[in-house]
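I have placed the structure first, in the form of structure tokens, so that the comments after it can refer back to it.
All values derive from a computational prediction rather than experimental measurement. So that the names make sense, note that chain A is the first sequence line, chain B the second, and so on, each numbered from 1.
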Amino acid sequence: MPQVNMTVNGKPASGDVEGRTLLVEFLRETLDLTGTHVGCDTSQCGACVVHVDGKAVKACTMFAAEADGAEVLTIEGVAAPDGTLDPVQEAFHQHHGLQCGFCTPGMVMSAKALLAENPTPTEAEVRDYLEGNICRCTGYHNIVKAIMAASGQDVSKIAAE
Amino acid sequence: MYAFDIERPTTLADAVKLLAASDENQALGGGQTLIPTLKQRLAMPEVLVSLTAIDEIKGISEDDEGRLCIGAATTHAEVAAGAGKYPALAALAGNIGDPAVRNRGTIGGSLANNDPSACYPAAALGSGAIIVTNTREIAADDYFEGMFATVLDEGEIITEVKFPVPEKAAYMKFEQPASRFALVGAFVAKYADGVRVAVTGASEEGVFRWSEAEAALGSNFSPDAIERLSLSGDGMISDLHGSGEYRAHLVGVMTKRAVAAAG
């Protein structure tokens, strides 16, 4: 089996993969980074979103071999090494942006990609960007609120608590 | 998925060689359609030849004739951000799928697959684009051959798509609310020598030009010009999302909206 080498959360990572090994399988099963979730496995739900070379992608719809040589960021690499939460994670905590938490890793990774592109998005822009991230618990209101709060905007007037 | 090997050539020449090695070898663009297809075991390649590491078929430029030339391995997100010279095309690319899909999916992959509900075929046909491959240049009018079918030969690779830039244009998509593919999408472009209208999502034959609307808009580029035109539901896709008659009606509605948006 061919070997792939990539940088995952700032550290070199390598392993043997089959052609058909998905990036998400490599992350979860070879590297034991199980924070990235597989929800639908059909590129609809976004629970598997990670960053590859700075871009949000669905790790269930990309082969591990295609990430050879890439920089990959997963949810495990988002908080500071001392455990201090990233501003997006902290905002999800503060604004109750999760219930069961299954979609949260993908939500956080998509939110970080959005804020990198657009540091102060409107509510409509946040909702539009989350088109490929499905949450079955929250109804999205607090997720949107958390992301706007993470961008430094006043969210006190957003209706949903 | 069935087992297969994967190759990532860095030159077009190597990719052509790898694809020519066996009829069972298949090109892989961004994979946003092919990987789900492989998961359902609807394809069984021996070797997948990934085209995503070939720099010579990426990027956006302009040729001597002012056409916008987009490398086949350019992602939808890159077109959305970089095709400012052709705003209707940039807007179309920026509304395909979702942000993560747009970071992987490519224009060449979309055109090679020719999904009957995909957006890019409407842009290519509606712009009279030229589809460039490793062996030839194909006019969009000659390229599409019905649902999931094109004139591409086995092992032929799209390398670039050349878009003549219109005076004005717009694309309007009525999204199927679950998949976000076009239930019906209409691309309207006005050029000095006439108007082109291309419709995706509606016909069982895949993307098509609505010639009656083109003629009417050619003399009067306004939504009123096509107010009285109608299409038959015969030959339109009919499924649980909408009947053929419903889609035929939507073609008129979305074309009018596209004309209005083009201004």
Per-residue tally against chain B (heavy atom, under 4.5 Å) across A/D41, A/V49, A/T42 peaks at A/D41

Kindly compute the distance separating CZ (B/R102) from NZ (A/K55), expressed to the nearest 0.5 Å. 13.0 Å

Is there side-chain contact between A/R20 and B/L48, with heavy atoms separated by less than 4.5 Å? no

Please classify the contact of A/L130 with chain B as side chain, backbone, both or neither, using a heavy-atom distance under 4.5 Å. neither

Within the distance-only criterion (no hydrogens, no angle test), does the side chain of B/N103 pair as donor or acceptor with the backbone N or O of A/A56 below 3.5 angstrom? yes

Do the side chains of A/S43 and B/P36 get nearer than 4.5 Å, heavy atoms only? yes

Taking the side chain as every heavy atom from C-beta outward, state whether A/D68 and B/R8 have any atom pair closer than 4.5 Å. yes

Which heavy atom of B/I6 sits nearest a heavy atom of A/A65, and at what distance? CG2-CB, 3.4 Å

Residue, of B/G30, B/S50, B/A3, that accumulates the most heavy atom pairs under 4.5 Å with chain A: B/A3

Do B/K39 and A/C60 come within less than 4.5 Å of each other through their side chains, counting heavy atoms only? yes

Is it the backbone or the side chain of B/L38 that comes under 4.5 Å from a heavy atom of chain A, or both, or neither? side chain

Is there a side-chain contact between A/F63 and B/M1, using heavy atoms and a 4.5 Å cut-off? yes

Using non-hydrogen atoms only, which part of B/R180 is less than 4.5 Å away from chain A: side chain, backbone, both, or neither? side chain

Begin from the C-alpha positions of B/V101 and A/T61 and carry the test side chain to side chain contact (heavy atoms under 4.5 Å, CB included) through to its verdict. CA-CA 9 Å; B/V101 167; A/T61 310; over 6 Å; no

Once rounded to the nearest 0.5 Å, what's the spacing between atom NZ of A/K58 and atom CD1 of B/I35? 12.5 Å

Is B/R104 close to A/E66 at the side-chain level, that is, under 4.5 Å between some pair of heavy atoms? yes

Do B/D98 and A/N133 have side chains that approach each other closer than 4.5 Å (heavy atoms only, starting at C-beta)? no

Pick one of side chain, backbone, both or neither for A/M109, based on which atoms fall under 4.5 Å of a heavy atom in chain B. neither

Can you confirm whether more than 12 heavy atoms, excluding those of B/R257, are under 6.0 Å from its CZ atom? no

